[in-house]
Amino acid sequence: MSTPQNAMRVLVVGAGYAGATAAVRLAGRSRGRVDVTVVNPRPRFVNRLLLHHVAIGRRVAAPGLRDLLGTAVTLVPGRVVDLDPAGGRATVAGPEGVRVVAFDRVVLATGSTTAVPLAGGEHVHAVGDLEAAQRLRPAFAALRPGADVAVVGGGFTGLETVAELAGRRPDVRVRLVTAGEVGAWFTRRGAEHVRTTLRELGVEARGGTRVRAVEPGRLHLDDRGEVPAELTVWCGGFAAPPLAREAGIAVDDRGAVLTDATLRSVSHPAVLAVGDAGHTPGPGGDRYSMSCQFAFPSAAHAADLLRAEALGQPVDDALDLGFTARAVSLGTRRAVLQPTTRDDVARGRAWTGRAAVLAKLVQVRGVVAAIGVERRLPGTARWPGAEPRAAVASAP
């Protein structure tokens with residue numbers, strides 16, 4: 001597909017849930033007025049919801065990005081090693097060498113990686129990105145029977161990971177170590193199901209326990225106690241890659257781009273940040289939580305904003321998003337489907353039977369399909385609104 005010489009040049013950095021969605025939606029709806037280029041270090045799509053499956057050796061489908069993005073989007077394999085937002089230039093290092101990509105607007109969709117903010121972080125494994133999950137796989141498989149495994153962090157990633165590891169290797173001792181109460185985010189029914197399932201999988205769950213340091217063979221706790229661990233998997237927090245910080249863009253303490261409610265950088269208006277790469281204020285003023293429920297709508301909204309700008313239409317709309325539910329897997333046969341408020345707070349009755357397992361299955365299989373649908377029928381993605389538009393527009 002050719003574009004006119006005066007087309008807006010948009011560079012999308014990253015082709016995960018958010019980056020791929022933004023690219024295909026913008027390219028498909030811009031009437032040839034936008035030239036979309038995507039830079040991604042891998043030629044295949046990574047379904048981040050299934051990285052704990054990669055860690056235990058299960059096969060995970062990885063469709064090629066060229067087919068997923070379609071012919072209307074230019075894919076440049078490589079990694080952005082230098083970003084000049086003021087000059088509109090990105091230096092990309094890839095298999096074909098180093099090249100410079102010029103842009104008028106840039107969408108940062110770089111996602112997040114595991115952050116280990118304590119001594120001994122070099123001794124831990126993680127599932128926050130594909131390379132980390134691939135390194136964990138042989139290390140976990142090589143454990144002797146009876147070995148001690150510790151998963152640190154009781155959020156959604158930690159719960160899904162510890163259940164998957166315990167289910168895969170019942171011959172090792174698996175512990176979950178978390179600073180809060182185990183399953184605290186869920187309502188009572190959901191929390192009870194989480195704790196019961198972990199017990200049945202043989203997981204020793206230790207809530208209210210903070211790790212202060214890691215060394216080979218053990219975790220050191222804040223209360224001066226220790227937890228044996230021949231293998232430690234860190235799921236205790238995530239941070240954005242350093243690209244935005246190194247480019248001089250305003251970021252928070254986790255490296256996420258500080259944006260206004262329209263997803264534009266507060267320091268560089270030509271920069272938009274979506275998904276985990278952006279720190280965007282929600283209706284209550286807090287940051288939207290890092291999840292695919294934020295990634296897809298933020299990407300679609302960024303694409304619509306840039307389309308409107310290219311077509312000379314008003315471009316000051318704030319993101320209007322409300323959460324509905326969370327689906328968390330606990331191994332291959334159990335899950336929790338937890339309804340939420342619009343601000344992502346657990347509420348009501350949690351579903352824990354086959355409906356919850358099916359909901360999780362639909363979620364993990366649906367992300368790739370959703371991007372394909374958006375490419376073929378651009379503009380189809382919709383999401384629940386969090387507040388009346390006038391109220392959201394007044395958010396900082």
Side-chain angles (χ1 to χ4, degrees), residues 48-56 111-137 139-140 148-166 173-186 191 194-195 198 201 203-242 251-256 275-277 279 286-292 294 326 328-330 344 346:
R48 187 168 177 175
L49 290 174
L50 293 177
L51 288 180
H52 53 292
H53 288 184
V54 173
I56 64 169
S112 61
T113 58
T114 302
V116 188
L118 47 71
E122 68 274 15
H123 301 304
V124 308
H125 286 270
V127 292
D129 56 71
L130 179 61
E131 290 76 16
Q134 289 173 333
R135 289 191 296 269
L136 172 57
R137 181 171 57 200
F140 179 65
D148 293 292
V149 178
V151 175
V152 181
F156 305 133
T157 301
L159 292 175
E160 293 193 336
T161 299
V162 75
E164 206 69 53
L165 296 180
R173 290 187 292 267
V174 181
R175 294 178 177 88
L176 175 67
V177 180
T178 178
E181 179 185 351
V182 178
W185 178 84
F186 298 90
V194 168
R195 292 190 287 266
L198 294 183
L201 287 170
V203 175
E204 177 188 331
R206 300 185 56 167
T209 305
R210 291 185 178 275
V211 177
R212 64 179 176 86
V214 181
E215 66 177 45
R218 64 180 55 84
L219 307 179
H220 295 281
L221 308 178
D222 271 357
D223 62 5
R224 301 300 176 181
E226 295 183 354
V227 171
E230 294 177 40
L231 179 72
T232 299
V233 183
W234 192 271
C235 302
F238 299 92
V251 298
D252 65 9
D253 58 356
R254 294 189 179 187
D276 290 359
H279 179 137
D286 295 331
R287 175 185 181 178
Y288 280 115
S289 61
M290 300 163 73
S291 69
C292 59
F294 175 64
R326 292 277 196 165
V328 180
S329 65
L330 298 170
D344 200 29

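Thr157 and Arg48 are not linked by any side-chain donor-acceptor pair at a separation below 3.5 angstrom, with hydrogens and angles left out of the test. For the residue pair Ser289 and Arg326, a side-chain donor N or O sits within less than 3.5 Å of a side-chain acceptor on the partner.
How far CG of Asp286 is from NE2 of His279: 8.0 Å, rounded to the nearest 0.5 Å. For the atom pair CG (Leu159) and CD (Glu164), the distance works out to 12.5 Å, reported to the nearest 0.5 Å. Note that the OG1 atom of Thr113 and the CZ atom of Arg254 stand 11.5 Å from one another [nearest 0.5 Å]. A distance of 11.5 Å separates CG of Leu198 from CD of Glu204, quoted to the nearest 0.5 Å. Arg137 contributes atom CZ, which lies 13.0 Å from atom NE2 of His125 (distance to the nearest 0.5 angstrom). In this structure, the separation between NE2 on His52 and CG on Leu136 is 12.0 Å, given to the nearest 0.5 Å.
For Gly128 against Phe238, the heavy-atom pair with the smallest separation is CA-CE2, 3.9 Å. Residues Ala139 and Leu231 approach most closely at CB-CD1, 4.1 Å, considering heavy atoms. Of all non-hydrogen atoms in Ala256 and Asp276, the two that sit nearest each other are CB-O, 4.0 Å. In terms of heavy-atom proximity, Val211 sits nearest to Asp222 at C-OD1, 4.5 Å. Nearest heavy-atom pair across Glu226 and Arg206 is O-NH1, 4.2 Å. Thr161 and Cys235 make their closest contact through OG1-SG, 4.0 Å (heavy atoms, listed as atom of the first residue, atom of the second, distance).
Ring-plane geometry between Phe294 and Tyr288 is classed as parallel, the angle between the planes falling under 30 degrees on a 0 to 90 degree scale with a further cut at 60.
The number of heavy atoms from other shown groups lying within 6.0 Å of CZ (Arg212) is above 12.
Between Val127 and Glu160, the closest side-chain pair of non-hydrogen atoms is not below 4.5 Å. Between Trp185 and Asp344 the shortest side-chain heavy-atom distance falls below 4.5 Å. The shortest side-chain heavy-atom distance between Glu181 and Arg195 falls under the 4.5 Å cut-off.
When each of Leu219, Asp148, Val151 is paired with Thr232, the side-chain contact (heavy atoms from CB on, under 4.5 Å) condition holds for Leu219 and for no other.
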